Amino acid sequence: LENHQNNTALEKELASKEAVKYIKSGMIVGLGTGSSAYFAIQQIAALVENGMQIKAVATSEHTANLASELGIPLMDFKEVRSIDVTIDGADEFTADLQMIKGGGGALFREKIVASLTKQEIIIADSTKLVEQLGAFTLPVEVVPLALNHVIDKIEALDGKPVLRKKSGAPFITDNGNYIIDVDFGLIANPHALAFNLNNIEGLLVHGLFLDLASIVIMGNSNGVEVFKR
Ligand code: 5RP
């Protein structure tokens, strides 16, 4: 197990080194959340340290704290209308660039940032590549008042929802909401499922990130493999 974790960390780092090559001075840069994005943020901090002029947008409070500790200048999220390049991770991706995200619970800001981004670069280790999405349970952010309503609607779509917990209490997102992790089995038609989920009142956002990635850079034992649209 330890060896496996070392390998995936190495793959994430390789992918992040490749990804930061897309960042140029003057750009607005989206910073992802998670252990893969962590490597990219370290690389970006080194670029800033060496004089590169960028402004960054953080996809979570955790990432915002990390970026400011490392001296990366941050924009106020509310002011952002367009982002040049974002580097973020994924929980699963397919070779045609569809993804599940939200394992870290940051999916709401990650999806807004991805939607505003011209070039969304996903970095991943080789365990994230799948034939079909859905082995990883789908994270869904829910406004707490609507929890039971949303659970009923998700069960009507044949999903098995589990409220995410942290030290025994419900996990609370940066936006003050709950996460439910939903087992839909393998997802045959992600666009149809996304459409149905988008119609549930009280469901703020789900972790299907469809047609949002421009490129996935995956680390593997030989170096990196790039998946493009
Ligand atoms: C957080 C995310 C992450 O990108 C995803 O969970 C992957 O994390 P990691 O890079 O640690 O494997 O979507 O909401």
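Quick caveat: nothing in here was measured; it's all calculated off a predicted structure. Both counts, for ligands and for their atoms, begin at 1 and track the order of listing.
Here the shortest heavy-atom distance to atom 11 (O) of ligand 1, taken over Ala106, Ser35, Ser16, belongs to Ser35. If you check each of His62, Arg109, Lys101 against atom 4 (O) of ligand 1, the one with the closest non-hydrogen atom is Lys101.
Closest to atom 10 (O) of ligand 1 among all protein heavy atoms lies Ser36 OG, 2.6 Å. Shortest contact from atom 2 (C) of ligand 1 to any protein heavy atom: Glu110 OE2, 3.3 Å. What sits closest to atom 12 (O) of ligand 1 on the protein, heavy atoms only, is Lys128 NZ, 2.7 Å. Looking at atom 5 (C) of ligand 1, its nearest protein heavy atom turns out to be Asp91 OD1, 3.1 Å.
Annotation: Lys153, atom NZ; neighbour count of heavy atoms from other residues, nucleotides and ligands within 6.0 Å does not exceed 12. More than 12 heavy atoms of other residues, nucleotides or ligands sit less than 6.0 Å from atom CD of Glu155. By the 6.0 Å contact criterion, NE2 on His62 is open, its count of non-hydrogen atoms from other residues, nucleotides or ligands being 12 or less. Applying the 6.0 Å contact sphere to CZ of Phe77 captures more than 12 heavy atoms from other residues, nucleotides or ligands.
Those atoms of ligand 1 that come under 4.0 Å of a heavy atom in Asp88, given as number and element, are 4 (O). Less than 4.0 angstrom separates some heavy atom of Gly89 from each of these atoms of ligand 1: 4 (O). Near Gly105, meaning under 4.0 Å from one of its heavy atoms, ligand 1 places the atoms 14 (O). Taking a cut-off of under 4.0 Å to the non-hydrogen atoms of Thr33, the atoms of ligand 1 that pass are 1 (C), 2 (C), 3 (C), 4 (O).
Counting heavy atoms closer than 4.0 Å to ligand 1, residue Asp125 contributes nothing at all. Using a 4.0 Å cut-off between heavy atoms, Ala90 contacts ligand 1 through its backbone alone, with no side-chain atom that close.
In terms of N/O distances under 3.5 Å, ligand 1 is not approached by Ala37. Checking only distances, Gly102 does come within under 3.5 Å of ligand 1, N or O to N or O.
No side-chain heavy atom of Gln98 sits less than 4.5 Å from a side-chain heavy atom of Pro190.
One N or O on the side chain of Asp125 and one on the backbone of Thr127 form a donor-acceptor pair closer than 3.5 Å. Checking side-chain atoms of Glu92 against main-chain N and O of Phe136 turns up a donor-acceptor pair under 3.5 Å.
Ion pair Glu141/Arg109 not flagged as a salt bridge, since none of the NZ, NE, NH1 or NH2 atoms sits closer than 4.0 Å to an Asp/Glu carboxylate oxygen.
Exactly one of Asp91, Thr59, Asp88 qualifies for a side chain to side chain donor-acceptor pair (under 3.5 Å) with Lys101. That residue is Asp88.
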